[in-house]
Amino acid sequence: MKQKAFEEKHQQSWQRLDAQLAKLEKKREAKLVLADSGEDFPALYRSVCHHLALAKDRHYSPHLINQLHGLVLRGHQQLYTQKRPFVSQIVQFLLRGFPAALRREVRLLWLATVLFLLPALVMGWLCYGDREMIYAVHSATSVMQMESMYDPSNSAIGREERESDSDFYMFGYYIYNNIGIGFRTFASGLLYGIGTLFVLISNGVFIGSVAGHLTQRGFTDTFWPFVSGHGAFELTAIVICGVAGLQLARALYSPGRHGRINALKRAAHEAVPLVIGAALMLLIAAFIEAFWSSSSTVSNEIKYGVAAILWLLVICYFLFAGRGRGYHGSQ
Amino acid sequence: MDLSKIRVAVRPRSASEATDLGFVIARHWWRPLMISWLMVALPLSVIFHLLFYQTPWVAGLLIWWFKPLYEQAPLYILSRALFAEKTPMTEVLKNFRTITAKQWFANLTWRRFTPRRSFNAPVSQLEGLSGRERRERIAVLHGSRPSGGWLTFIAVHLELVIYFSLFSLLMIAIPTEMEVDAFQLMQGEGFWVVVLQNALYIIAIATIAPFYVAAGFSLYLHRRIELEAWDIEIDFRKLRQRLERGKDLVMNGSIASASSKVASLLLCFFIWGGSSGDLLAERVSHVDQAVKDATRDNGELTPEYAKQQISGILSDPVFGHEETRKVWRRINEEEKQEKSPGSDLEWLARLVQLIATIGEALLWFFVVLLIGWIVYLYPKWSVWFGLTRRTISKQYQPPETLFGLDVRPESLPEDIAKEVLQSYQDGQPRAALSLLYRATLVQLINHHHMEFQKGATEGECVEIVKQAQHRTGSYFLKLTHTWQAMAYNHQSPDLEEMRALCEQWHDQLHGNIAEESGQ
Amino acid sequence: MLDTRHTFETPEGIDLGLSIAGVVVRAQAWLFDLIIRIIIYISFGIILAYLGRFGMGLLLIIIFIAEWFYPVLFEMLKEGATPGKRRMGIRVINDNGTPVTWSASIVRNLLRTVDFMPFMYGLGLVSILINRDFKRLGDLAAGTLVVYEEEARGAPQLPPGDAEALPRPLTLEEQQAVLEFTERSTRISPERSEELAALLEPLTGKEGEEAVKQLYRYAHWLQGSV
């Protein structure tokens with residue numbers, strides 16, 4: 001067929017596809033609009049694919065091939081754009097995807113927990129036993145600051161009921177800082193796990209030493225009620241980010257038969273639910289820490305009670321949520 | 001050396017794409033480029049340090065200043081490598097003076113600060129032009145959209161990135177016990193400290209140099225590909241060869257000589273070798289004249305004529321308009337200073353307090369709402385917690401259409417296999433195959449619990465079935481291929497194939513339909 | 001042949017060609033995005049400064065979102081391109097040619113921190129320089145590519161002229177070259193056109209300007225008759 005004739009014959013369908021694509025590109029919901037109006041976008045797209053193959057086959061002029069190529073490219077983008085209802089996706093993720101993803105990595109979860117908990121316990125025990133031990137890991141000024149913050153006799157600083165705007169500031173700060181740390185814990189797994197290892201261990205050392213030291217100083221009534229509540233979410237989330245980071249590292253150390261890059265790709269995509277879930281947990285932790293833990297009007301007994309419930313909730317969530325039926329792994 | 005030997009895919013490209021191709025080129029000839037660069041840079045650096053051992057920072061400055069000098073040998077090697085000619089390092093050394101020292105004074109003084117250095121370099125280095133001719137030639141090449149400036153701007157920053165990255169790595173490697181301050185090291189005064197800085201700097205510029213040279217050269221080449229239609233020449237040349245090989249060998253003398261001159265033209269910008277380069281530079285002053293030269297007699301070549309030619313080209317609409325472009329430049333991030341509201345704004349402070357309190361209340365309200373919602377959804381999530389037993393998931397909602405095909409069960413006719421064959425025999429293979437494919441998808445979704453999501457591709461569906469190691473996997477794959485060949489390439493299967501597909505469908509998937517209708 | 005072009009086979013079995021974007025253009029896009037983010041921070045900073053510590057808390061949340069999710073949100077909602085990328089005519093896709101997915105976008109942008117190490121994308125730079133497809137570490141892990149937006153080219157402006165049949169059959173590639181020659185006629189200098197046309201003397205049997213015109217005539221004929 002001559003090119004001119006070919007163009008004349010199909011020009012109309014190209015223009016129609018172009019018009020449909022323009023609509024689709026402008027409005028995301030346009031797909032529904034198009035479906036209603038009875039225009040068959042996929043069929044049209046497929047026929048233009050065919051035209052392109054023909055045009056290439058018959059070596060029509062480059063400009064025509066370019067034009068069709070452009071149409072096919074745009075159509076391809078539109079046809080395969082994922083448009084799923086957002087809310088159901090979130091519910092699906094929270095009730096199933098996230099906890100199931102964590103349960104699939106039980107061994108890494110244990111590893112990350114040990115990497116975090118062991119230094120914490122050891123440092124806690126050492127600092128509890130020796131009042132000077134804390135100076136091995138913290139500078140004198142930061143120790144002083146910390147002590148004055150939790151000193152029950154020094155109610156002027158920190159323990160005073162904060163104003164709402166200060167709570168808010170701290171809320172923002174916890175989001176900015178803690179979720180950022182969570183993300184970095186994951187990302188630095190790409191450095192053959194060294195970064196993740198470092199974050200987990202150093203956080204363990206830091207938290208353990210502070211807890212041990214303050215307990216040793218007898219500040220239990222100010223320190224423990226404060227940290228126990230949000231700890232349920234915060235500590236778990238950091239460990240989960242550690243798991244995600246270790247997933248990357250594992251792909252690099254033992255890539256298996258598909259090659260390192262493919263293993264890494266797979267691991268990274270599997271880690272995404274963990275990181276997002278952990279980020280949400282850190283968001284909850286930031287809320288509790290800023291608005292609940294800091295409150296001095298609530299009695300310690302209630303705080304301990306709530307903390308116990310929160311811990312139980314988190315543990316039950318990860319143990320049971322999403323066990324309803326088999327998980328296909330096709331997130 | 002001729003165009004048919006060129007090692008890059010020749011076609012017109014945008015400046016950005018040409019730059020990227022330059023990076024690919026540099027990656028490909030990384031070693032010779034690097035070695036030839038170091039061959040000049042390293043000895044010079046040592047000499048600088050020996051000369052200025054009391055003030056090593058001067059040596060550092062000179063290392064930076066002499067950058068154009070190091071880039072000449074790599075450019076020479078590259079210009080030949082692109083046309084599949086190897087350049088032994090001994091040759092570079094032998095012609096050291098003509099390669100590296102060419103126009104060195106201008107390169108190190110008034111041309112040192114041009115932001116388009118690596119684009120312009122081939123004009124003087126390879127075409128051997130200087131003075132006004134060079135300027136005019138560069139103007140022609142740049143046209144209305146000068147390129148190469150961004151390349152230099154980014155390349156300088158990439159050097160800095162590598163330099164400071166190396167510093168950071170060094171700081172990590174130094175044990176903290178040594179109490180070396182990074183800041184001190186960067187600003188240090190001692191001889192060895194400065195030498196260390198200079199060494200890191202050389203590593204940084206050495207890393208980027210091959211890419212910078214190659215990208216500039218690529219930009220230059222692409223302007224010529226565009227202006228001189230190299231891609232078309234390559235095709236025409238092939239065509240001519242074919243025609244001449246044919247039975248009617250019309251070997252007209254004049255054409256033969258014209259084409260060989262054309263070839264020599266393209267050559268001459270890449271020919272070096274001490275004397276021949278200069279000779280050519282004398283004889284051929286710039287490309288468009290040279291082009292002219294090839295088709296006419298040599299005698300007509302005069303400066304006036306050249307000027308006329310150039311102004312002719314410049315008045316071409318491709319070059320003929322000026323445009324003003326606004327370009328974003330990096331600014332320093334301004335220090336954000338926390339502004340405390342004045343004390344006379346007491347009311348504002350109280351207002352803020354109020355907003356904050358409301359905000360907090362809202363957040364709490366939201367939390368309560370969330371908890372309420374979770375409790376409300378108890379019947380749903382209890383399934384997930386395993387508290388209530390239910391086998392069918394409500395969470396996965398099968399799509400109603402996949403790649404534009406209707407996959408609702410109710411859209412299917414009763415007896416699918418019969419219907420399929422019927423419409424195939426009616427001369428509607430497309431409809432037949434589409435129905436069979438749809439029926440298979442419906443079966444897989446509704447009876448085999450394959451969770452195809454909305455927006456999934458055919459390939460993704462195959463992947464999901466494969467991953468689930470479902471027994472219908474191979475059938476589904478085959479059917480999908482047949483369907484794709486039909487849908488996108490209009491290749492219909494023959495009757496035998498169609499029959500086989502239907503029979504297999506019956507065996508593998510139909511059983512479930514019977515079950516369903518029994519329910 | 002060295003090239004930056006990458007071909008993808010779509011599910012339809014058609015090859016889509018896309019050019020992969022390299023360091024310089026991506027750095028430019030990043031700079032542009034950086035400026036946008038800085039403008040956001042400064043303007044919010046000025047406004048929120050009046051709200052005291054409450055305002056600072058909000059500002060921190062805004063910075064957090066902008067630092068981590070600015071690229072993710074734009075890549076997902078704006079067809080793979082942040083404003084900077086759009087300006088430079090590039091966008092992100094999966095390395096199988098399909099539009100970038102949430103998961104891939106999140107991975108490539110969270111892993112940005114590692115690419116950023118140890119100083120201003122030092123690792124990312126080295127990775128891009130080495131990798132065949134200009135992928136930084138985040139792209140490697142996410143399986144994404146940064147490619148050029150394909151620009152639709154307008155219809156060719158053939159110089160006016162009559163059509164004349166080819167004296168002998170040409171292969172399709174050769175026909176394409178003649179058409180291309182004619183399509184680009186306005187961008188090639190007349191002298192160069194003559195020189196190129198001279199190459200095809202065996203075909204046209206003419207010289208100089210006449211040969212060029214002869215080729216244009218063939219092109220007109222071809223366009224109507226391929």
Side-chain angles (χ1 to χ4, degrees), chain B residues 7-9 16-17 19-21 23-25 28 150-151 154 158 161-162 164-165 168-169 211 226-229 232-233 235-237 239-240 243-244 250 252 255 258-259 262 288 291-292 294-295 313 316 318 328 330 333-334 336 338-339 341 348-349 352 355-356 359 457-459 484 488-489, chain C residues 1-5 11-14 19-25 27-28 31-32 34-35 38 41-42 45 49-52 54-56 88-89 98 118-123 125 129-130 134 148 170 173-174 177 180-181 184 186-189 191-192 194-196 198-203 208:
Chain B
R7 297 285 306 279
V8 296
S16 295
E17 282 181 72
T19 310
D20 297 339
L21 184 68
F23 276 67
V24 172
I25 292 169
H28 193 260
W150 266 108
L151 171 64
I154 299 286
L158 296 184
V161 165
I162 292 190
F164 286 112
S165 292
S168 315
L169 286 182
F211 295 101
E226 169 90 32
L227 289 175
E228 297 162 23
I232 294 174
E233 166 163 351
D235 288 340
F236 277 14
R237 226 167 249 289
L239 170 56
R240 183 194 175 87
L243 291 175
E244 282 172 351
V250 195
N252 186 315
I255 301 160
S259 77
V262 173
D288 292 290
V291 167
K292 198 75 190 170
T295 48
I313 289 168
D316 193 282
V318 180
W328 288 96
R330 193 218 286 263
E333 186 170 1
E334 281 173 36
K336 278 179 242 98
E338 209 173 310
K339 245 181 160 179
L348 187 63
V352 168
I355 295 172
T457 64
E458 284 103 331
Q484 284 178 343
Y488 302 108
N489 272 333
Chain C
M1 281 284 173
L2 296 178
D3 204 350
T4 52
R5 204 124 172 113
E12 296 80 32
I14 284 197
S19 297
I20 301 172
V23 187
V24 176
V25 68
Q28 283 171 265
L31 267 184
F32 191 73
L34 178 72
I35 290 165
I38 290 174
Y41 298 156
I42 291 176
Y50 289 102
L51 299 183
F54 172 72
M56 288 302 111
M88 299 313 301
T98 53
F119 176 83
M120 289 296 278
Y121 290 94
L123 273 180
L125 172 61
L129 290 183
I130 293 172
F134 294 123
Y148 285 95
L170 295 185
E173 260 148 35
E174 290 159 357
E180 180 92 20
F181 174 74
R184 274 163 59 188
T186 50
R187 281 173 281 161
I188 307 170
S189 71
E191 288 73 22
R192 177 63 179 163
E194 276 178 38
E195 194 200 35
L196 288 172
L199 282 171
L200 292 187
E201 213 266 8
L203 185 74

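Computed from a predicted structure; not experimentally measured. Convention: sequence-line order gives letters A, B, ...; per-chain numbering from 1.
With chain B as partner, the option from C:V24, C:I130, C:L2 having the largest number of non-hydrogen pairs under 4.5 angstrom is C:L2. Among C:G208, C:G55, C:S19, C:G89, the residue with the largest count of heavy-atom pairs under 4.5 Å with chain B is C:S19.
Both the backbone and the side chain of B:S16 come within less than 4.5 Å of a heavy atom in chain C. In this structure, chain C has heavy atoms under 4.5 Å from both the backbone and the side chain of B:F164. Contacts of C:L203 with chain B are made by both backbone and side-chain atoms, with heavy-atom separations under 4.5 Å. With a threshold of 4.5 angstrom between heavy atoms, C:L129 approaches chain B through its backbone and through its side chain. Only the side chain of C:Y148 comes within less than 4.5 Å of a heavy atom of chain B; its backbone N, CA, C and O stay farther away.
Side chain of B:S165 to main chain of C:F119: a donor-acceptor pair is present (N/O by atom type, distance under 3.5 Å, no hydrogens or angles).
When each of B:E226, B:E228, B:E233 is paired with C:R192, the salt bridge (Lys or Arg N to Asp or Glu O under 4.0 Å) condition holds for B:E233 and for no other.
Atom-to-atom distance recorded for B:T19:OG1 and C:Q28:CD is 8.0 Å, nearest 0.5 angstrom. To the nearest 0.5 angstrom, B:I232 atom CD1 is 5.5 Å from C:E180 atom CD.
B:F23 and C:F134 have perpendicular rings, their planes meeting at more than 60° on a 0 to 90° scale where under 30° would count as parallel.
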